Amino acid sequence: MIDIQLVRRDPERVRAALARRGDDFDLDRLIASDARWRAQTGRRDEVRGRIKSLSRDVGEARRAEDAGRTEELAGQSRSLGQEEKSLDAEVAALEAERRELLLLIPNLPDPEVPDGRSPADNGVRRWWSPGPGSEGRSEPPDPSEYGPHQRVPHWEIGAQLGVLDMERGSKLSGSMFPVYRGLGAKLLRAMNAMALDRHADAFEEIRPPTLVRTDTMVSTGHLPKFADDAYHIERDDLWAIPTSEVPLASLRRGEILAEGDLPVRLTAGTSCFRREAGSAGRETRGVLRVHEFDKVELFAYTTPRQAQEMFGEIVGRAEGLLRELGLAYRVVDLCAGDLGQASARTYDLEVYAPGSDQWLEVSSVSWCGDYQARRASIRYRPADGSGPAYVHTLNGSALAPGRPWAALVETGRQEDGSVRLPECLRPYLGGAAEIPAP
RNA sequence: GGAGGGAUGGCAGAGCGGCCGAAUGCGAGGCUCUUGAAAAGCCUUGGGAUGCAAGUCCCCGUGGGUUCGAAUCCCACUCCCUCCGCCA
């Protein structure tokens with residue numbers, strides 16, 4: 001959540017920042033609620049203070065065996081108790097209201113974030129496509145370089161080669177649950193393994209639970225606002241994670257870290273679950289939008305000073321994997337209106353899929369500032385001896401193999417219908433260099 | 001799933017219902033002594049709300065209750081440990 005102090009001190013700044021997002025949050029309601037809460041809390045605390053001091057006097061009177069005075073003071077305290085009780089109930093209600101409002105406010109966009117309301121306003125920061133040299137080219141891909149054999153969508157290729165079975169996935173679990181088969185399944189596993197291995201130099205590998213408590217979902221900003229997007233298991237009141245960002249952010253929830261331990265770099269590969277409510281339609285063909293998919297996530301806790309550099313590091317690492325896979329991609333700077341709830345700045349990596357002539361979002365790197373750290377109460381003790389301060393959190397997909405899988409089979413498709421697989425995956429594929437033509 | 005035991009400050013570990021936000025030890029930081037180090041001695045050492053500040057208030061797993069007054073008593077929940085059952 002955002003800093004309530006900032007809302008009090010400079011409401012116009014907060015209002016302006018929220019307006020950039022196109023958010024319709026009613027800030028005045030929060031300001032009023034906060035003011036009421038403060039006023040009543042002050043009154044309650046004053047009454048409590050009087051009760052405390054009276055109670056001490058009761059103790060003294062009792063020790064002095066002054067029964068009359070004891071009863072008199074106790075009586076005074078008793079009647080204050082009534083007052084305290086009703087004030088306390090009021091404070092509790094105001095506190096709940098204030099918190100509820102506060103949890104709904106999205107993060108404030110960083111000033112560098114481009115203006116805009118829709119994906120059309122996003123800024124492309126750079127392009128990359130493979131060849132001709134080993135460095136690749138920093139320019140948009142040339143459509144004429146893709147032959148007609150590559151202009152086939154991945155779901156057709158997958159069915160043709162027997163490596164993707166959407167129909168049977170539907171039989172098991174409904175639409176948008178793919179079944180990968182044979183080399184298709186291996187290819188997915190290979191990319192997961194590679195993504196995890198590539199960051200083992202600096203990121204600690206975590207295998208977290210994929211079912212989590214409500215608090216864990218609240219910490220990242222996925223609840224309470226986006227409850228409809230997540231799977232919820234009623235019986236045990238657990239949520240299926242939409243990304244391993246969720247458990248990784250809560251790993252150190254409620255803790256105070258030593259500055260010397262920062263940055264903390266974590267990586268995890270898990271299944272991710274999304275209901276994708278109301279997204280039936282054209283963009284849901286094949287594996288592009290599914291309810292369950294694998295993703296290898298990079299996550300970091302940093303000091304505010306380290307955040308910028310970490311953002312670059314994570315983007316760079318995600319780019320590195322796409323280059324290794326030989327996929328053409330572009331780096332997109334999300335505009336204010338397209339940012340996620342918790343993010344102050346996001347770069348998306350989009351891969352070019354020739355089969356459907358589309359750019360597919362395959363990675364999203366976000367700097368959340370202290371927004372999640374406030375929700376989850378994750379702080380660090382600055383080395384200079386000042387009081388605990390909130391950490392910054394950053395997250396990004398290293399690789400979410402589903403969509404790259406699609407881009408890979410389209411890009412690698414040969415004229416004879418076989419699919420050529422990238423060099424870097426061979427060690428993970430038992431040496432296989434292609435998915436043979438049927 | 002059944003039966004027991006437990007949850008207190010960075011850690012360990014006390015705590016008759018009444019100055020207990022909390023003894024003590026360890027750890028950590030500072031200082032003294034020392035050529036330096038060790039040892040010793042002295043001092044400091046949780047978090048939060050509110051307030052310009054002084055201060056006031058809250059936090060002893062969480063939430064309720066009893067009481068003039070709760071870390072201490074009662075209830076519920078959560079988590080941890082031990083044993084039994086089940087199981088990959």
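Please read these numbers as outputs of a predicted model, since none were measured by experiment. Throughout, a chain's letter reflects where its sequence line sits, starting with A, and its residues are numbered from 1.
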Distance in angstrom units between [X] [atom1] and [N] [atom2], rounded:
| X | N | atom1 | atom2 | result |
| --- | --- | --- | --- | --- |
| Leu238(A) | U78(B) | CG | P | 12 Å |
| Arg235(A) | G1(B) | CZ | C1' | 12 Å |
| Arg9(A) | U50(B) | CZ | P | 12 Å |
| Asp45(A) | C58(B) | CG | P | 7 Å |
| Leu73(A) | C68(B) | CG | P | 13 Å |
| Asp237(A) | C77(B) | CG | C1' | 13 Å |
| Gln76(A) | G69(B) | CD | C1' | 14 Å |
| Asp384(A) | G29(B) | CG | P | 16 Å |

Does Glu245(A) form a side chain to side chain donor-acceptor pair (under 3.5 Å) with Thr220(A)? I'd like the steps, not just the answer. CA-CA 8 Å; Glu245(A) 169 198 347; Thr220(A) 41; 5.2 Å; no

For the side chain of [X], counting heavy atoms from C-beta on, which of [options] is nearest?
| X | options | answer |
| --- | --- | --- |
| Arg213(A) | G46(B), U50(B), U78(B) | U78(B) |
| Ile256(A) | U50(B), G47(B), C58(B) | G47(B) |
| Arg381(A) | G47(B), C57(B), C68(B) | G47(B) |
| Arg379(A) | C68(B), U50(B), G48(B) | G48(B) |
| Pro388(A) | G47(B), C68(B), A49(B) | G47(B) |
| Ile51(A) | C68(B), G48(B), A49(B) | C68(B) |

Considering only heavy atoms from C-beta outward, does the side chain of Ile206(A) approach that of Phe299(A) to under 4.5 Å?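 Answer no - side chains too far apart.
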
Does the side chain of Pro304(A) come within less than 4.5 Å of Asp370(A)'s, by heavy atoms? no

Quantified in whole Å, what is the [atom1] atom distance between nucleotide [N] and nucleotide [M]?
| N | M | atom1 | answer |
| --- | --- | --- | --- |
| C33(B) | G10(B) | P | 33 Å |
| G69(B) | C84(B) | P | 47 Å |
| C43(B) | A49(B) | P | 31 Å |
| A71(B) | G18(B) | C1' | 13 Å |
| U67(B) | C16(B) | P | 23 Å |
| A70(B) | C58(B) | P | 9 Å |
| C74(B) | G17(B) | P | 11 Å |
| U66(B) | U72(B) | P | 15 Å |

Looking at residues at least two apart in the chain, or sitting in another chain, which of them share a salt bridge (Lys or Arg N to Asp or Glu O under 4.0 Å) with Glu255(A)? Arg252(A)

Below 4.0 Å: OP1/OP2 of [N] and any side-chain N or O of [X]:
| X | N | answer |
| --- | --- | --- |
| Arg8(A) | U50(B) | yes |
| Arg44(A) | A49(B) | no |
| Arg78(A) | C68(B) | yes |
| Lys52(A) | C58(B) | yes |
| Arg56(A) | C68(B) | no |
| Arg38(A) | G51(B) | yes |
| Gln5(A) | A49(B) | no |

[N] pairs with, by Watson-Crick or G-U criteria that keep both distances under 3.5 Å:
| N | value |
| --- | --- |
| G41(B) | C31(B) |
| C87(B) | none |
| C52(B) | none |

Taking the basic N atoms (NZ, or NE/NH1/NH2) and the acidic carboxylate oxygens, is any pair closer than 4.0 Å for [X] and [Y]?
| X | Y | result |
| --- | --- | --- |
| Glu297(A) | Lys295(A) | yes |
| Arg20(A) | Asp115(A) | yes |
| Glu95(A) | Arg98(A) | no |

Below 4.0 angstrom, which residues in residues 79-95 of chain A have at least one non-hydrogen atom near RNA chain B?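 Here the set is empty: none.
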
Parallel, tilted or perpendicular, judged at 30° and 60°: which one describes the rings of Phe273(A) and Tyr231(A)?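 Rings of Phe273(A) and Tyr231(A): perpendicular, over 60°.
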
Anything under 30° is parallel, anything over 60° is perpendicular, the rest tilted; go ahead and classify Trp405(A) against His154(A). perpendicular

Looking at His232(A) and Asp237(A), what are the two nearest heavy atoms and their distance?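 Minimum heavy-atom separation between His232(A) and Asp237(A): NE2-OD1, 2.8 Å.
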
Across the strands shown, which category fits Gly49(A) at heavy-atom distances under 4.0 angstrom: base, sugar-phosphate, nothing? sugar-phosphate

